[in-house]
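I have placed the structure first, in the form of structure tokens, so that the comments after it can refer back to it.
Owing to the predicted nature of the structure, the values given are computational and were not obtained by experimental measurement.
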Amino acid sequence: MILNSQPKQLRLQDDGQILWQADASNPLPGQPVARVEKGESQLRPRAVLIETEILQGQDKDAVAAFVQSWLEQHIATVLEILHGLTKEEGIDGSAKEIAQKVHDALGILPRQDLEADIAGLDPETRKVLRQRHVRLGPVLVFVPELNKPVAVRLRALLWWLWHDRPLPAPVPKDGAVSVVVDEAQSDPLYYRAIGYPLYAGRAIRVDMLDRVISAVYDSAKDGSFKATHAMAEWLGCSIPDLYKVLEAMG
């Protein structure tokens, strides 16, 4: 049965379960047949079959290989742009170093971690990075397309699993601009990895954070600037909270 399934009949849940729907036309998720476990790398977890009546009479080794193949393809599809950073064609030198480091960090790094590599770029190699969807922001280097909810949730699962945390991982609501979190109980490396850097007790979607930072740079005069309601709206917070975020960023 499972060996003849279409890809859409399998689904990875935020809690790490892989569900199988017997009816390809049924939009409901189905029943658990496997779970994901930590694998050889952050982007390559293992699919492990669970004990279930659904697998009775089936070649479990073949099903395990089928589900593992589906999982790898699912990750490659959702994170296609991230995987594209490691393609060898048309990239070398500093641009290649940046692309590899951003890939390994699930699509986002502080610019200060890459300054030496960025200094080695020229207009042509910057263009190569733009073609691979890498944004060299003033504070963060990231891949904007990975802010889509499905990519955020998958990166959350992969990071959480790789760091031996029990699933599901805490994830902002789909499309949320920012969310208030308990800094004492929150890992800033995790929130950064999923595209929601943590500043002043607020996890903020990186594309909107970058928009605010760029606006601050553009509007500053003589080393100072005045916050606007538009900037606060971009972050989903008040102006006092906006100042707290910017102060936390230095």
Side-chain angles (χ1 to χ4, degrees), residues 7-21 26-32 34-36 42-43 45 47 70-85 102-103 105-109 133-135 137 140-163 165-183 185-213 230-238 241-242 245:
K8 66 180 181 180
Q9 290 177 253
L10 289 162
R11 183 178 300 185
L12 176 60
Q13 299 289 93
D14 291 344
D15 64 0
Q17 290 191 105
I18 297 176
L19 309 184
W20 177 69
Q21 172 56 255
N26 191 333
L28 296 177
Q31 298 174 281
R35 67 178 184 278
V36 289
Q42 189 166 208
L43 289 167
W70 173 86
L71 176 62
E72 291 173 6
Q73 185 58 49
H74 172 71
I75 294 171
T77 298
V78 174
L79 302 180
E80 180 180 5
I81 289 177
L82 183 65
H83 284 289
L85 295 178
V102 172
H103 168 274
L106 296 183
I108 179 172
L109 274 175
H133 307 276
V134 176
R135 156 80 172 150
L140 295 157
V141 175
F142 62 102
V143 179
E145 284 77 0
L146 293 175
N147 294 325
K148 296 177 181 178
V150 64
V152 171
R153 292 198 307 273
L154 180 55
R155 286 187 292 164
L157 183 151
L158 294 172
W159 192 98
W160 211 251
L161 189 67
W162 182 247
H163 290 84
R165 312 278 179 90
L167 293 170
V171 183
K173 291 183 179 179
D174 288 356
V177 172
S178 70
V179 58
V180 175
V181 300
D182 181 352
E183 280 192 285
Q185 302 296 323
S186 302
D187 190 328
L189 296 179
Y190 162 71
Y191 277 100
R192 189 182 72 200
I194 67 171
Y196 278 81
L198 184 58
Y199 295 105
R202 186 176 292 270
I204 307 163
R205 207 173 71 204
V206 64
D207 57 331
M208 302 308 291
L209 184 63
D210 184 76
R211 184 179 181 183
V212 169
I213 296 166
M231 293 178 186
E233 289 174 359
W234 293 341
L235 296 192
C237 68
S238 66
D241 284 346
L242 169 62
V245 168

Residues forming a ring-ring contact (aromatic ring centres under 6.0 Å, His included) with His163, sequence neighbours excluded: Trp159
Set of ring-ring contact (aromatic ring centres under 6.0 Å, His included) partners for Trp160, sequence neighbours left out: Tyr190
Between the side chain of [X] and the main-chain N/O of [Y], is any donor-acceptor distance below 3.5 Å?
X	Y	result
Gln21	Leu28	yes
Tyr196	Ala176	yes
Arg202	Val245	no

Val102 and Val143, any side-chain heavy atoms less than 4.5 Å apart: yes
Residue pair Leu154 / Ile75, side-chain heavy-atom distance below 4.5 Å: yes
Using the test side chain to side chain contact (heavy atoms under 4.5 Å, CB included), find all partners of [X] that sit at least two apart in sequence or belong to another chain.
X	answer
Leu198	Val181, Glu183, Ser186, Pro188, Tyr191, Ala203
Ala151	Val78, Leu79, Leu146
Trp70	Pro7, Leu10, Leu12, Ile18, His74
Pro29	Arg11, Leu19

Of all the heavy-atom pairs spanning [X] and [Y], show the shortest one and how long it is.
X	Y	result
Ala76	His83	CA-CD2, 3.6 Å
Gly195	Asn147	O-OD1, 4.2 Å
Pro149	Gly175	CG-N, 3.8 Å
Met231	Val212	O-CG2, 3.6 Å
Pro45	Leu71	O-CD2, 3.8 Å
Gly236	Ser178	O-OG, 3.9 Å

If you round to the nearest 0.5 Å, how far is [atom2] of [Y] from [atom1] of [X]?
X	Y	atom1	atom2	result
Arg155	Leu106	CZ	CG	6.5 Å
His103	Leu43	NE2	CG	5.0 Å
Leu157	Arg165	CG	CZ	13.5 Å
Arg192	Leu109	CZ	CG	5.5 Å
Leu158	Leu167	CG	CG	9.5 Å
Lys8	Asn26	NZ	CG	10.5 Å

Trace of the side-chain hydrogen bond (donor to acceptor under 3.5 Å, both in side chains) decision for Asp15 with Gln17: CA-CA 6 Å; Asp15 64 0; Gln17 290 191 105; 3.1 Å; yes
side-chain contact (heavy atoms from CB on, under 4.5 Å) assessment of Val36 paired with Leu161: CA-CA 8 Å; Val36 289; Leu161 189 67; 4.1 Å; yes
Pair Asp174 + Arg153: basic N to acidic O under 4.0 Å: yes
